[in-house]
Amino acid sequence: MPDHTAVRPLGLSFDRVSHGYDIGKTVLPVLEDVTLDIQPGEFVALLGPSGCGKSTLLRLAAGLEVPVRGRVSGDGTPITAPGPDRILVFQDATLFPWRTVRGNVEAGPEARGELAAKRARVDEALALVGLETFGEAFPHQLSGGMAQRAAIARALVNDPRLLLLDEPLGKLDSLTRLNLQKDLVRLWQARGFTAILVTHDVEEALLLADRVILFSPRPARIVQEVRVDSPHPRRRDDPALIAMRSALLANLGVLEDV
Amino acid sequence: MTEAIDFRQAGLSAANPFRPWREGIFAALAWGATAVVTWGLPDVIQWGATGLFAILSGLVALVFLALAFLVPLRGWQGGTLTHYGPWFIALGLWLLGWEIVTAKLGWLPKPFFSPPQGLLHVYVTDWDRLLICVAYTARLWGLGFFLGIAVGFVAGVGLGWSKRFAYWGMPLLKLIGPVPASAWIPCAFFIFPSTFHASVFLVALASGIPVAILTASGISQVNRAYYDVARTLGASARWQVRNVAIPAALPNVFVGLFMGLYYSFAVLVVAEMLGAKFGLGWYLQFNTAYSAYANVYAALVVMALICAGLVRALFVVRDRVLGWQKGIL
């Protein structure tokens, strides 16, 4: 259901990107020579062992960090600083606890001085994630799933052209998770933004993404790419998905019978 | 909530026809005994307001007696009044004992211990001077405290936020911070043009330093992820300071404010004892010199009430400002 809020999605490219963190005496290499092109409007899932550097890739795309080597660009322009067209949603909702849910959603427009023009959009974003009656609640009053919904609303109100999802469902219970997975697909289809999802969950990656990219342990290199063509809504018991799941798990070093 | 209480009250009175507030009766008895003893027994020496004190405690006793019957009628059980019932009794007994060992038996050494009517006498006869002293103290405290916390807060934000500011400021703060503000007294009195300026400086120093230290540490402890969120939302550094760093550090700032408040009281009295012409500290000093201990106690009571009131007020402000913390702590 494309609507008037659809955005012009961002095309993203990582061109031979290497990155590392200074840990005292040495530099810990995190990404090694990663080249990856993401089409505008594509939903890409990044899969790989814990701590392999997938989150770093998102931070680079968000512009929170600049790579040591190589280039990250959005629609051909190098990304060197954060901006509201590329928004990151973290594993913890990281809502500002001193602001109400509405205050959190308003944070982006307010910070850019656009709040007066965007009040209606704030209500819309709250409704989009089903939190219209929780606007005046404080974050500590929300469940984990609701907090994550609020965080997604806080991102969406800025009409991001690229939504970076850093294991946003990682800490939720399985039922909430299933619901939010459906919601993410729905929002992505409605808004048309480009989405990159970091996850540990092979099934989640296959259910949501157009393309699943598998990384090696740190320093992360791309090991495998899987294109998922099944139309949404996808079923978990789709034989094609099950076959892909087995192949990906084997590549992650997990035995078939898990 | 009131409905629930009324309902319970209705149930109670159906079982027992009428039951007065027991602690109210005991409080009335204790205060009444104080009144009778004060009025009936002779004083060892003349204290001044003996009659007035007897009348006042008698009146309080009557009020408690009336309340003892009003409480069940109005369904006030479980309210603030009945919560403090045991305290009202204890207060009455304390006054009774105090009255007996000072005014009636003279067991406690005379110039140093004053009976309750001695203090009452001070309030009745010296109220104007006390009031002026309270005003002077309030002016000194208000100027010093608010100046101190304002400067301390701004400095703390700078120290917590800016690396360069912290590089130069933190060592200075760590050096000056632990020195008790009263140690600055000798210098302060010749650096500043008047003793009043010096006193304001001392109070400001005492209250500002803990605020600066705790604000700085609060701001440097803010979860980095909040800044990441703000930056991706397109927030300027200024917006991040005002809307992320400061609100996130406010719980710490309030710890600093409480510490500053206590330190300010401590240094306030000392500052007023030196070269001041009015003020509660001066009043204490002056009356101690004349062995007017009843005046000293009277001023102490006033001071205790003011300080406790200010602490209470800060708690109210904190609960309002940090309402979002409920459930986190």
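Everything quoted here is computed from the prediction, not taken from an experiment. Each chain gets a letter, A, B and so on, in the order its sequence line appears, and its residues count up from 1.
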Just to be sure I understand the criterion: a residue of residues 151-183 of chain B counts if one of its heavy atoms is under 4.5 Å from a heavy atom of chain A. Which ones qualify?
none
With a 4.5 angstrom heavy-atom cut-off, could you sort out which part of A:Leu164 is near chain B: side chain, backbone, both or neither?
neither
Is A:Gln141 in contact with chain B via its backbone, its side chain, both, or neither, using a 4.5 Å heavy-atom distance?
neither
When only heavy atoms count and the cut-off is under 4.5 Å, which of residues 252-265 of chain B reach chain A?
none
Heavy-atom count check: over 12 atoms from other residues, nucleotides or ligands less than 6.0 Å from B:His197 NE2?
no
Side chain, backbone, both or neither: which part of A:Arg59 has a non-hydrogen atom closer than 4.5 Å to chain B?
side chain
Name all residues meeting the side chain to side chain contact (heavy atoms under 4.5 Å, CB included) criterion together with A:Asp75; count only those two or more places apart in sequence or in a different chain, and write none if there are none.
A:Arg8, A:Leu10, A:Arg161
Just checking B:Tyr136: does its OH atom have more than 12 heavy atoms from other residues, nucleotides or ligands closer to it than 6.0 angstrom?
no
Can you tell which part of B:Val244 gets under 4.5 Å to a heavy atom of chain A, answering side chain, backbone, both or neither?
both
Which of residues 206-243 of chain B get closer than 4.5 angstrom to chain A, counting heavy atoms alone?
B:Ala225, B:Tyr226, B:Asp228, B:Val229, B:Ala230, B:Arg231, B:Thr232, B:Leu233, B:Gly234, B:Ala235, B:Trp239, B:Asn243
